[in-house]
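Below is one structure, written out as structure tokens; the observations come after it.
Just so we're clear, the structure is a prediction, and the values are computed from it rather than from any experiment. Residue indices begin at 1 and follow the sequence shown.
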Amino acid sequence: MSLIKSISGIRGTIGGKVNDNLTPLDVVKFASAFGTWLQNNKNKKDLTLVIGRDARISGQMVSSLVASTLQGLGINVIDLGLSTTPTVEIMVPELKADGGIILTASHNPKQWNALKLLNDKGEFINGKNGAEVLALAENEDFDYAEVDDLGKYETRDDAFDIHIKQILDLPAVDIEAVKAKKFKVVLDAVNSTGGISIPPLLEKLGVEVVKLYCEPNGHFPHNPEPLKEHLGDICELVIKEKADMGIVVDPDVDRLALVDEKGEMFGEEYTLVAVADYLLKDKKGVAISNLSSSRALRDVAKNHNSEYFASAVGEVNVVNLMKEKNAVIGGEGNGGIIYPDLHYGRDSLVGIALFLTHLAKENKTVSELRAGYPVYFMGKKKIELTPEIDVDALLVKVQEEFKNEDISTSLNVTEVSTIDGVKIDFAENWVHLRKSNTEPIIRIYTEAFSQEEADKLGDDMIAKIRSLI
């Protein structure tokens, strides 16, 4: 089955059978459920939703289905057309809309698409709201509008201009400092909407842009997840063009990866670290990431006499903790920058503007900047278990094992967190265990001062889990 229903939305592969894949009927059902949920929870009759899509091949079809379904419920639709996730998030409150739907499967391959659901603040709906939408979809209890009450449909083509202006108006973005450096960058937008949203931003910052895969046709030239193994082309082109750096985004432009002037990856985990380093230098406060993100952010925050806190994995959880702690900066280690002075959502465009300002003010190359940060290496492993094993009970055993006073002392355990699976912080490294929601698997994330050490920590944890079964 390739249809995944979750509290954050619905995603699946295009084609196939209803309830197995993301078919037109599934799109209509889920759009109907979200529209109905909004109608049930808003104390007004005339509702408006903003929609926008990335450039994947199925986008136009899925967008048309969603727009028509919402109109059928009597909801007005403002269609941004080709857009980015952060642009839609910004435009919902900008247009005083009641919510939004982003049509994107993010970093998934081209056969996937998804509906991601936003509240009236332009933020992802929370778990409780998502569960209510799923229940409505399951029951199919929809009441469509009569002909005189159908929703209106309009398009907007100024969303990128509004998004970019809001970024350039931020006090933390120093336009003149960036312009003075006359940076040259290579941009890999994986043939999606980063190719039409990022160049106008860079040009306003006086940056020369070499475009690679910037045609928004949805034919992804490589795996769209911005990981090192997929990015050989841009690494070569940065060197060939003698560029100052490379910029890589995923199809919906909420993840930002960077390449240094030598064609080496800056490291997705370090995008947030660098931006936090810049912001906390002038404004001491709080930095937030999730439990599976690098410890380097904690180190940088500490270096600026600032505090660091970790949330459960998931953008909604990061945002909730950022609001609670009034954070200066937050995000996720996958290159997701959340800058609350703009909005509470991962945003590659604001990440680019802040990073370039930092680079300009530091007067260093990208590789020199990276060399100034703590060096950590991450490992990712998993242990597959038989279906009859109670994974939750097993994680409780692990937690109790490492909270044991004797073991904690002998192994230099500094903290055990259970807000999301089990995370064990040791003096010089950490391991995070999370249960898969779809199969009997425990995912094991580790970080240490070397790759060998990170991998060994994962293997040791697998052995420990097996001993507890």
Side-chain angles (χ1 to χ4, degrees), residues 9 11 14 50-64 66-67 78-92 94-95 100-116 118 122 124 155-167 185-204 207 209-226 230-231 234 246-257 315 334-337 342-343 345-353:
R11 63 188 166 103
I14 297 297
V50 176
I51 65 171
R53 63 184 178 89
D54 69 14
R56 60 188 65 232
I57 298 163
S58 61
Q60 182 64 66
M61 177 194 74
V62 174
S63 178
S64 298
V66 168
I78 301 174
D79 188 353
L80 306 183
L82 288 171
S83 192
T84 74
T85 285
T87 306
V88 179
E89 291 171 344
I90 276 176
M91 291 302 288
V92 169
E94 175 75 17
L95 298 174
I101 300 179
I102 309 163
L103 309 167
T104 174
S106 195
H107 61 269
N108 286 70
K110 68 177 183 179
Q111 65 268 32
W112 289 80
N113 213 327
L115 283 68
K116 295 185 177 180
L118 303 176
F124 289 116
T155 60
R156 294 281 295 239
D157 60 6
D158 58 349
F160 289 149
D161 295 335
I162 291 169
H163 188 175
I164 290 167
K165 183 180 186 306
Q166 288 188 14
I167 291 169
V185 308
V186 179
L187 169 66
D188 177 354
V190 73
N191 284 341
S192 191
T193 50
I196 53 176
S197 57
I198 294 172
L201 169 68
L202 292 173
E203 285 155 14
K204 283 186 166 59
V207 176
V209 188
V210 179
K211 296 179 183 178
L212 174 68
Y213 309 136
C214 285
E215 187 65 37
N217 56 29
H219 293 283
F220 305 148
H222 56 76
N223 185 309
E225 188 165 15
H230 308 146
L231 301 175
I234 188 172
I247 292 171
V248 186
V249 291
D250 63 340
D252 69 325
V253 201
D254 64 356
R255 287 176 62 176
L256 173 63
E315 184 172 333
N334 59 9
I337 303 291
L342 183 63
H343 69 121
R346 293 183 300 173
D347 189 333
S348 294
L349 283 89
V350 77
I352 289 166

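Counting only heavy atoms from C-beta outward, the side chains of Lys204 and Ile164 approach each other to under 4.5 Å. Two residues are said to be in side-chain contact when any heavy atoms from C-beta on lie closer than 4.5 Å; Val88 and Lys116 fail this criterion. Here the side chains of Leu115 and Leu103 are in contact, with some heavy-atom distance below 4.5 Å. Side chains of His343 and Val350 form no contact here, defined as non-hydrogen atoms less than 4.5 Å apart. Contact of the Arg346 side chain with the Asn334 side chain is registered, since non-hydrogen atoms from C-beta on lie closer than 4.5 Å. Counting only heavy atoms from C-beta outward, the side chains of Leu349 and Ile198 approach each other to under 4.5 Å. Ile14 has its side chain out of reach of Ile57: every pair of non-hydrogen atoms, C-beta onward, lies at least 4.5 Å apart. When side chains are defined from C-beta on, Val190 does not count as touching Asp250, because their heavy atoms never get closer than 4.5 Å.
When all heavy atoms of Asp252 and Ser106 are compared, the pair lying nearest together is OD1-OG, 3.4 Å. When all heavy atoms of His163 and Thr87 are compared, the closest pair comes out as ND1-OG1, 2.8 Å. Taking each heavy atom of Ala189 and Gly194 in turn, the nearest pair found is CB-C, 3.6 Å. The minimum heavy-atom distance between Asn191 and Cys214, with the atom names listed, is OD1-N, 3.5 Å. When all heavy atoms of Pro109 and Arg56 are compared, the closest pair comes out as O-NH1, 3.0 Å. Of all heavy-atom pairs between Ser192 and Asp54, the closest is OG-CB, 3.6 Å.
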Would you please test Ser58 and Trp112 for side chain to side chain contact (heavy atoms under 4.5 Å, CB included) and show each step? CA-CA 8 Å; Ser58 61; Trp112 289 80; over 6 Å; no

For Phe160 and Thr84, run side chain to side chain contact (heavy atoms under 4.5 Å, CB included): C-alpha distance rounded to whole Å, both residues' side-chain angles, the deciding distance at 0.1 Å, then the answer. CA-CA 9 Å; Phe160 289 149; Thr84 74; 3.8 Å; yes

From CA spacing to verdict: side chain to side chain contact (heavy atoms under 4.5 Å, CB included), Asp254, Glu89: CA-CA 11 Å; Asp254 64 356; Glu89 291 171 344; over 6 Å; no

May I have the step-by-step check of side chain to side chain contact (heavy atoms under 4.5 Å, CB included) for Asp347 and Ile90, ending in yes or no? CA-CA 10 Å; Asp347 189 333; Ile90 276 176; 4.2 Å; yes

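A side-chain N or O of Ser64 and one of Gln60 form a donor-acceptor pair less than 3.5 Å apart.
Once rounded to the nearest 0.5 Å, the distance linking CZ of Phe124 with CD1 of Ile102 reads 4.5 Å. To the nearest 0.5 Å, the span separating CD1 on Ile78 from CE on Met91 amounts to 7.5 Å. In this structure, CG in Asn108 is found 9.5 Å from CZ in Phe220, a value given to the nearest 0.5 Å. In this structure, CD in Glu94 is found 8.5 Å from CG in Asp158, a value given to the nearest 0.5 Å. Here the CG atom belonging to Leu80 is positioned 8.0 Å from the CD1 atom belonging to Ile51, to the nearest 0.5 angstrom. If you take CG on Asp79 and CZ on Arg53, they are separated by 8.0 Å, rounding to the nearest 0.5 Å.
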